[in-house]
Every structure is written in structure tokens, then in C-alpha cells.
Amino acid sequence: MTVQETAPFDIANPGLAREGLNRIEWAAREMPVLRLIRERFKKEQPLKGRRLSACLHVTTETANLMLALKDGGADLALCASNPLSTQDDVAAALVHFFDLKVYAIRGEDNDTYYRHIDACLAQSPQITMDDGADLVARVHRDRTDLIPGIIGGMEETTTGVIRLRAMAADGALKYPIIAVNEADTKHLFDNRYGTGQSTLDGITRATNVLWAGKNVVIAGYGWCGKGFASRVRGMGAQVIVTEVQPVRAIEAVMDGFRVMPMAEAAQIGDIFVTLTGDINVLDRHHLEAMHDGAIVANSGHFNDEINITALESMSESHRRVRENVEEYLLMDGRRVFLLAEGRLINLAAAEGHPAAVMDMSFANQALSTEYMVQHRGDLPPGVSSVPEDIDQEVARLKLRSMGMSIDTLSDEQVRYLSSWESGT
Ligand code: ADE
């Protein structure tokens, strides 16, 4: 029997289920918006009978999203969106306590990763949910037979949206996808404060370095890079930013960071972190310029931001010196420490973004799924935005859950904003 034919799950250790449940409940305390959606979904059943396959990081926060979708009536299958991000106790809890079809094992090899994606597709989904677009890519490459039955999908992350837009530009994307990442209540908080904190957390857990006084080189000043830079500065590090986009480079300068090309930064940095979404951002010539003991890590979605092939070919040997830290001994005697195999450090070495921020990201996922089902057949193939009223509703609910209220415009102010007569 192959996994993709019939097995209802493939997880590392069912014995971890109780521990997983405790942690899922702990995360739920910080996810009030998703809780409200879950309660409504339970009553209204907007996803009743819909087969939904999700390829997401299998974390406590994802578990809470799955439970909301399940309570909304969805028939779910879940696989991992990265070989190193699965929390095995969470996978076990979802199978044992909630009878979900889960295919995810932390540390799975590439073949198993894709076998799990295939297993997740075996239920012939009507809805796909991705973090990085591997599920959608697999459907369009190898399971085109499924496309006529798919209503649409959702995409969680910047890298996935870029990939899907490239597919759409090629005319290759055959069903509608809502770019959850582009909701304000997603990227302004998840990418900035979530990645900022969880990247710091991952590198700290992997290395236990003291940040104060370190030269930290950050590649990329998008929302993730911005968030990480501000957090690392708060820890007392000297931050250098590298960028390719002039506007973002000016932003970094005016935010108070040094900006320079990576070739220069490579000679100065103690810790290098890539958050760009592009390949070989730390390339051979950068690795060649680094001082003995430099630490390199990636917090972008895919593990190709650091040229690991070059690092291997430059090295005499390598060895694991502690969990998630591989020491590469270069031919000239210098050592470079690679964290978490160059995979996203925040999920591989820590627990990903905290639940309070995933609350908004996954509220957008849940409401966009409902929207997709309600508007089935209406959206054209391609990438579309999260509807503005969903984004605003998530913000309102989050504010309320934080015990905060804000002002509203008076009638006079509304009139003023829609008129042009009054001026100087
Ligand atoms: N991406 C980043 N952090 C995450 C988390 N905690 N759960 C799911 N996906 C994530």
C-alpha cells in the first residue's frame, strides 16, 4: 500500500498526541478572532461537505485553523509545507483527537515530502490552501485531472504569491487563488512582527548567541526584513541591511541602519540572515569573504537563499556541533556555521510566529475560504486579493479582542472627505 492510495495519516509518533493537544489549546488562548469565526462556522456550516487539502506548516496555530475549518463542515487533509517545520505532537493530536488526515513528519526527506503532498491530494480537493504554492504547483504539474473539480485556493506567503503570479503571467494558473498574504491584517503583522520575533527566537534557540554588540547582516528589507531588523536592534546588535530595491534601501537608511552591498557586508558580519525570497543571496564569493566563525541562517520560505552547494564544495568537512548548527570547515581553516540546513530558521529551530499574530493571518484564511465557496464560479483563474471587508473585519475583531476601541468619523467629517470645495 502506498501512502497516496489509502492511508488516513502518516505521522511520526501517535504517542505525542496529548502533549500536542495541550499546546494547541495553549495557542488557542491567543487566537480570539479565529475562535469567534470557529463558533460562527460551527453554527452556519459554510464549508459543509467541501473537501479541502492544506499544505501548511503543521504547528499549533495551523491546528487551530484546521479545527475552525472542520467545525465549518470541511473534510480536511493536511500535509507539511516544509520538511523541517512540522511539530510532531501537533500532527499526532490532530489525528488522534480530531480524526484529521495528516501527512507530515518533521525531518522527512524530499520524496516523503512529495508523497505526503500526493496523499493530501488523494481526496480530490475542491479547495486548496498553500504556504509556498507547492500544492498548487503539484496539481498543475502532475494532477491536472483534479483541476475541473477545484473551486479555488488560498495562498499564505509572499514567496507563494510571487510564484503564483509567475504562473498566472505564463497563463499556467487554471483556477482562482486568493493571496491571503496581501491582506493588510496579514503581512503588516505576521511578516513584520511575526517573522521579526520568530527569526530572533530561532537563531537564539539554535545558538544561544548574545546579540548585543554583534554585527548582524540582514539581506532584504521587505516586511520580514524590517521586522527582524527592528527586533535585532532592540537586542543591541549593530544592524547592516543589504537590498536591491533603491526605495527599500532608503527606508533602511532612514530607519537608522547601515546599507551596503553584500560583498562589503560579508567582510564585517558576525551573523547573516537572508529574508529575500530569492536564490544565492549568500553566494560563494560572499562565503569566501566571511570571517572565521560567521553564522549564516535563512528565514525566507525556501532553502535556496544560501548557496549551500558552494559552501559544501568549499569545505574540507562538516559536522553537527549542536542541534540545528552545522559547522563547515573550509579548506583555509575558517569555519562557517550554517543553521537549520538553510531552511526557515523560525520554524525549524523555534515554533514559528506566535499565535497572537497567526490569529489574524488564519482568520483571513478561514474567511477567504468561506468567500471562495460562496463565490464559486465567479472568480476568474488567477491571483486575487482578500476582499477589503474581510480585511477590515479581521482588524475590527482583533482590536475588540485586545480591549481597544477607536474613533469613528462624524457626519461632518465624512462630508468633508467627499467634497472638494473647501481649501485654503
Ligand atoms: N508561518 C510562520 N509561523 C507560523 C506558525 N506559527 N504556524 C503556521 N505557519 C506559520
Side-chain angles (χ1 to χ4, degrees), residues 20 23-31 33-34 52 54-69 76 78-91 93-94 100 102 104 106 120 128-135 154-161 179-183 185-206 222-228 231 273-275 277 297-303 340 343-366 368-369:
R23 292 200 318 109
I24 291 168
E25 288 171 355
W26 177 255
R29 295 173 59 253
E30 291 271 81
M31 304 184 85
V33 179
L34 193 62
L52 188 156
C55 178
L56 300 172
H57 302 297
V58 181
T59 65
T60 54
E61 293 75 24
T62 296
N64 280 289
L65 171 62
M66 292 298 110
L67 298 181
L69 299 172
L76 298 171
L78 172 66
C79 63
S81 58
N82 187 288
L84 273 191
S85 62
T86 298
Q87 298 171 3
D88 287 323
D89 58 341
V90 170
L94 288 174
L100 248 63
V102 181
R106 184 185 156 83
C120 207
T128 60
M129 189 177 277
D130 254 304
D131 187 328
D134 280 344
L135 198 61
M154 265 62 59
E155 170 54 51
E156 169 77 5
T157 200
T158 318
T159 297
V161 173
V180 169
N181 185 64
E182 291 178 1
T185 47
K186 199 281 185 181
H187 66 264
L188 289 179
F189 306 100
D190 172 313
N191 300 25
R192 182 165 36 171
Y193 302 111
T195 308
Q197 178 168 326
S198 61
T199 301
L200 187 75
D201 185 16
I203 298 173
T204 306
R205 289 196 207 191
W223 289 114
C224 296
K226 284 185 178 71
F228 181 55
R231 269 48 198 156
V273 185
T274 54
L275 305 102
N298 166 50
S299 202
H301 185 80
F302 290 119
N303 59 332
R343 297 201 186 271
L344 25 73
I345 187 68
N346 59 338
L347 281 140
E351 294 168 69
H353 306 349
V357 85
M358 294 311 295
D359 188 28
M360 283 188 281
S361 311
F362 284 167
N364 277 293
Q365 284 283 8
S368 296
T369 306

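All ligand and atom numbering here is 1-based and tracks the order in the structure.
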May I ask you to check whether [X] and [Y] show a side-chain donor-acceptor distance below 3.5 Å?
| X | Y | result |
| --- | --- | --- |
| Gln87 | Glu351 | no |
| His57 | Thr62 | no |
| Asn364 | Thr185 | yes |

Show which atoms of ligand 1 fall inside a sub-4.0 Å distance from at least one heavy-atom site of [X].
| X | answer |
| --- | --- |
| Glu351 | 6 (N) |
| Thr62 | 7 (N), 8 (C) |
| Phe362 | 8 (C) |

Starting from [atom], what is the nearest protein heavy atom, named by residue and atom, and what distance separates them?
| atom | value |
| --- | --- |
| atom 3 (N) of ligand 1 | His353 N, 2.8 Å |
| atom 10 (C) of ligand 1 | Met358 CE, 3.6 Å |
| atom 7 (N) of ligand 1 | Thr59 OG1, 2.7 Å |

Polar proximity ligand 1 side, Glu61 side, N/O cut 3.5 Å exclusive | yes

Is Asn346 in polar range of ligand 1, meaning some N or O pair under 3.5 Å apart?
->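 Looking only at distances, the answer is no, because the N/O contact criterion of under 3.5 Å is not met.
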
At a 4.0 Å cut-off, with the gap strictly under it, does some heavy atom of Glu156 reach an atom of ligand 1?
-> no

Does ligand 1 have an atom under 4.0 Å from some heavy atom of Leu56?
-> no

Val180 backbone acceptor or donor facing Gln365 side chain under 3.5 Å = no

Is a side-chain donor or acceptor of Thr157 paired with a backbone partner of Gly132 at a separation under 3.5 angstrom?
-> no

Give the intermediate values and the outcome of side-chain contact (heavy atoms from CB on, under 4.5 Å) for residues Asn181 and Trp223.
-> CA-CA 11 Å; Asn181 185 64; Trp223 289 114; over 6 Å; no

Check each heavy atom of Leu347 against ligand 1 and say whether those closer than 4.0 Å belong to the side chain, the backbone, both or neither.
->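 It is the side chain that touches ligand 1; the backbone stays farther off.
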
Could you tell me whether Glu182 atom CD has more than 12 heavy atoms of other residues or ligands within 6.0 Å of it?
->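 Atom CD in Glu182 is crowded, with more than 12 foreign heavy atoms closer than 6.0 Å.
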
Decide yes or no on side-chain contact (heavy atoms from CB on, under 4.5 Å) for Asn303 and Leu84, but give the supporting numbers first.
-> CA-CA 11 Å; Asn303 59 332; Leu84 273 191; over 6 Å; no

